[in-house]
Amino acid sequence: METDTTTLSPESLRAEMVAKVRAGGWAERGEVERVLRDTPRHRFLPDADLELAYHPYRAVVTHRFDNGRSLSCASAPWLVAGMLDQLDVQPGHRVLEIGAGTGYNACLLAQLTGRADLVTTVDINPDVAARASRALADTGFGGVHVVTGDGVLGYPEHAPYDRMIATVSPWDLPAPWWQQLAPGGRLVAPLRWRGQGRSVAFTRTGDRLVSDSLVLCGFVYLVGDGEGELSGAITSDGLVTLHWDRDQDVRPDALLGVLDQPRVTTWSDVTLGRQESHEDLWLRLTATDPRVCRLGVTGDVPPEVCDPVPGYWRMALVDDGTLAYLTLRRVTIADEARCELGVIGHGPAAAELTEHLCGEIRAWAPDRHRHSPTLTVHPAGAPDSELAGTAIDKTHSRFVLTYDDPPR
């Protein structure tokens, strides 16, 4: 039965939000739970009704570009809590936030570190920064430094920082962030590579950043970081697009019209239950296969044209003029409804590429919940001899994803 939120106070809605966030496995740190419970989130979202402001799983868009794309938003509380768990702010830490948003996250950070003046939040949009500054002042945290500026540059005036967090998604880690993070400091950023996104928690270890936590997420993109994700339509109507990194050998002209070619469908015999995800397969393949991309399919595309797995982001493999992507079908096993993963391919090597991807699904499935990778980020000039695996090259850095059990 749905809760009647029309008669509930902000305090009771906030308590319910925190309870659901905790039940989902976030806000594991007691300090994070405390500040979520004590902070009036709705006062940073004056245009949202109380139910939306305290919905544990929904973000709230607060500013948009002229084309309708989100410019700024308040992240969903579960993700706010998860990233603060990752950041591990301790009393007295100097903190830099990239992306001021509503000011809500800066308010939480100020409470975690114990002094508002130890927190600096930067936003490139003056309207966003001004609104965040007002909300912080109105809630008693006017001591937070709210800076209008390019987040790519960080804010050297208050460096070095013990903790840095990006609440917008960069394609790369800008060099100033490295320079402003103290040795042993922690950085949490929602990074993107090979079309998928993860909130990654790093510790600065010598001349590199080493992760200890990766959480699936999606964020508004960081403006001005030299965007390295490219995209192109592969249908004449533009309703199906491919997204890839600029270091990948992808020729969109070779794929235009590929979905008009005969379809090859191969099934893996790997099934998922209702609460199981295939997203870690995508992550795992980014460690070994440079052909991994993202497929964008609008809701207007009929399944007979393109029939990928549900979701906002869909994994695909591209090999010259051949495209393969994940699909699924409903099956019943021992009276349980499940979904079987399969692969649909188009193009001259469709049979080989679909069978290859099904083989990767089968190799991943037995230990799908047991292994977590480490993402190590090296400066751009690091030689291959210093890397523990194949590099994904960015502008300022080289990403290397490794597993204790190397993917086959």
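Predicted, not measured: the structure shown is a model, and the values here were computed from it. As a basis for the values below, the full set of heavy atoms in this structure was taken, side chains included, without hydrogen atoms, waters or symmetry mates.
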Peer 1: At their closest point, which heavy atom of Cys293 faces which heavy atom of Leu242, and how far apart are they?
Peer 2: CB-CD1, 4.0 Å
Peer 1: So which atom in Thr354 and which in Gly345 form the shortest heavy-atom distance, rounded to 0.1 Å?
Peer 2: CG2-N, 3.3 Å
Peer 1: Nearest heavy-atom pair of Tyr155 and Val147: which atoms, and what distance?
Peer 2: CE1-CG1, 3.6 Å
Peer 1: Have a look at Glu229 and tell me which of Arg294, Arg194, Arg246 forms a salt bridge (Lys or Arg N to Asp or Glu O under 4.0 Å) with it.
Peer 2: Arg294
Peer 1: When you compare the side chain of Gln86 with that of Leu84, does any pair of heavy atoms fall below 4.5 Å?
Peer 2: no
Peer 1: For the pair Glu276 (side chain) and Gly273 (backbone), establish whether a donor and an acceptor sit closer than 3.5 Å, ignoring hydrogens and angles.
Peer 2: yes
Peer 1: Report yes if some heavy atom in the side chain of Glu51 is under 4.5 Å from a heavy atom in the side chain of Leu13; otherwise report no.
Peer 2: no
Peer 1: Checking Lys394 against Trp171: charged group under 6.0 Å from the ring centre and within 45 degrees of the axis?
Peer 2: yes
Peer 1: Considering residues, nucleotides and ligands other than Asp253, do more than 12 of their heavy atoms fall under 6.0 Å from its CG?
Peer 2: yes
Peer 1: Is there a side-chain contact (heavy atoms from CB on, under 4.5 Å) between Trp267 and Thr327 once you walk through the steps?
Peer 2: CA-CA 9 Å; Trp267 296 101; Thr327 189; 3.9 Å; yes
Peer 1: Are Glu355 and Arg362 ion-paired here, with the side-chain N under 4.0 Å from a carboxylate O?
Peer 2: yes
Peer 1: What is the distance from atom CE of Met164 to atom OG1 of Thr120, rounded to the nearest 0.5 Å?
Peer 2: 10.5 Å
Peer 1: Within 45 degrees of the axis of the six-membered ring of Phe202 and under 6.0 Å from its centre: does Arg186 put its NZ or CZ there?
Peer 2: no
Peer 1: Can a donor-acceptor pair be found, under 3.5 Å and without considering hydrogens, that links the side chain of Arg368 to the backbone of Ala365?
Peer 2: yes
Peer 1: Given 3.5 Å as the limit, does a donor-acceptor pair link the side chain of Thr266 with the main chain of Val343, or not?
Peer 2: no
Peer 1: Does the side chain of Ser213 reach to within under 4.5 Å of the side chain of Ser199, using non-hydrogen atoms?
Peer 2: no
Peer 1: Just wondering, do Thr235 and Val301 contact through their side chains at under 4.5 Å, heavy atoms?
Peer 2: no
Peer 1: Within a strict 4.5 Å, meaning less than it, do heavy atoms of the Ile98 and Trp177 side chains meet?
Peer 2: yes
Peer 1: Is there a salt bridge (Lys or Arg N to Asp or Glu O under 4.0 Å) between Glu33 and Arg37 once you walk through the steps?
Peer 2: CA-CA 6 Å; Glu33 179 184 5; Arg37 194 179 300 278; 2.9 Å; yes
Peer 1: Should Thr241 and His243 be marked as a side chain to side chain donor-acceptor pair (under 3.5 Å) after you check the CA-CA gap, both sets of side-chain angles, and the distance that decides it?
Peer 2: CA-CA 7 Å; Thr241 55; His243 304 259; 3.0 Å; yes
Peer 1: Please confirm whether the backbone N or O of Val95 pairs with a side-chain atom of His93, one donor and one acceptor, at under 3.5 Å?
Peer 2: no
Peer 1: Looking at Trp178, does the NZ or CZ of Arg204 lie under 6.0 angstrom from its six-membered ring centre and within 45 degrees of the ring axis?
Peer 2: no
Peer 1: State, to 0.1 Å, how close Arg22 and Ala27 come at their nearest heavy-atom pair, and which atoms those are.
Peer 2: NH1-O, 2.8 Å
Peer 1: May I ask you to check whether Arg198 and Gln196 show a side-chain donor-acceptor distance below 3.5 Å?
Peer 2: yes
Peer 1: Looking at CD1 of Ile234 and CG of Leu256, how far apart are the two atoms once the value is rounded to the nearest 0.5 Å?
Peer 2: 8.5 Å
Peer 1: Do the non-hydrogen side-chain atoms of Val18 and Lys20 ever get within less than 4.5 Å of each other?
Peer 2: no
Peer 1: Does the Asp49 side chain pair with the main chain of Leu52, one donor and one acceptor, at a distance under 3.5 Å?
Peer 2: yes
Peer 1: Can you check whether Leu173 reaches His396 side chain to side chain, under 4.5 Å on heavy atoms?
Peer 2: no
Peer 1: Locate the shortest heavy-atom distance separating Gly321 from Pro348; write the atom from each residue and the value.
Peer 2: O-CD, 3.6 Å
Peer 1: OG1/Thr139 to CZ/Phe44 distance, rounded to the nearest 0.5 angstrom?
Peer 2: 3.5 Å
Peer 1: May I ask you to check if Arg94 and Tyr161 form a cation-pi contact, with NZ or CZ under 6.0 angstrom from the six-membered ring centre and within 45° of the axis?
Peer 2: no
Peer 1: Take the angle between the ring planes of Trp26 and Trp78 and call it parallel below 30°, perpendicular above 60°, tilted in between.
Peer 2: tilted
Peer 1: When you check the side-chain N and O atoms of Gln90 and Thr113, is any donor under 3.5 Å from an acceptor?
Peer 2: no
Peer 1: Ignoring hydrogens and geometry, is there a side-chain-to-backbone donor-acceptor pair from Thr39 to Leu36 under 3.5 Å?
Peer 2: no
Peer 1: Are the side chain of Asp123 and the backbone N or O of Gly99 linked by a donor-acceptor pair below 3.5 Å?
Peer 2: no
Peer 1: Within the side chain of Trp244, is there an N or O that forms a donor-acceptor pair under 3.5 Å with the backbone of Arg251?
Peer 2: no
Peer 1: Determine whether the side chains of Arg41 and Tyr104 contain a donor N or O and an acceptor N or O closer than 3.5 Å.
Peer 2: no
Peer 1: Can you tell me how far the CZ atom of Arg131 sits from the CG atom of Asn125, to the nearest 0.5 Å?
Peer 2: 11.0 Å
Peer 1: Restricting to non-hydrogen atoms, name the atom on Gly197 and the atom on Leu216 that form the minimum distance, rounded to 0.1 Å.
Peer 2: O-CD1, 3.6 Å
Peer 1: Given 3.5 Å as the limit, does a donor-acceptor pair link the side chain of Arg163 with the main chain of Asp88, or not?
Peer 2: yes
Peer 1: With rounding to the nearest 0.5 Å, note down the distance linking CG in Asp404 to OG1 in Thr374.
Peer 2: 6.5 Å
Peer 1: Just by modelled atom types, is the Gly296 backbone N or O under 3.5 Å from a matching donor or acceptor in the Arg314 side chain?
Peer 2: no
Peer 1: Considering only heavy atoms from C-beta outward, does the side chain of Leu255 approach that of Thr322 to under 4.5 Å?
Peer 2: no
Peer 1: Between Arg291 and His356, do the side chains contain an N or O donor and an N or O acceptor separated by less than 3.5 Å?
Peer 2: yes
Peer 1: For Arg192 and Ser169, does a side-chain donor sit closer than 3.5 Å to a side-chain acceptor?
Peer 2: yes
Peer 1: Could you list the residues that satisfy salt bridge (charged side-chain N to carboxylate O under 4.0 Å, His left out) with Asp300, not counting sequence neighbours?
Peer 2: none
Peer 1: Take Leu401 and Thr288, measure what side-chain contact (heavy atoms from CB on, under 4.5 Å) needs, and give me the verdict at the end.
Peer 2: CA-CA 9 Å; Leu401 192 73; Thr288 59; over 6 Å; no
Peer 1: How many angstroms lie between atom CD of Glu16 and atom NE2 of His55, to the nearest 0.5 angstrom?
Peer 2: 9.5 Å
Peer 1: Starting from the C-alpha separation in whole Å, work towards a yes-or-no answer on side-chain contact (heavy atoms from CB on, under 4.5 Å) for Asp307 and Ile344.
Peer 2: CA-CA 8 Å; Asp307 190 21; Ile344 292 175; 4.1 Å; yes
Peer 1: Does the side chain of Glu340 come under 3.5 Å of the side chain of Thr271 through a donor N or O and an acceptor N or O?
Peer 2: no
Peer 1: Do Asn105 and Glu97 pair up side chain to side chain, a donor and an acceptor below 3.5 Å, judged on atom types alone?
Peer 2: yes
Peer 1: One pair to check against side-chain contact (heavy atoms from CB on, under 4.5 Å): His145 and Asp117. What are the steps and the verdict?
Peer 2: CA-CA 6 Å; His145 300 282; Asp117 65 312; 4.2 Å; yes
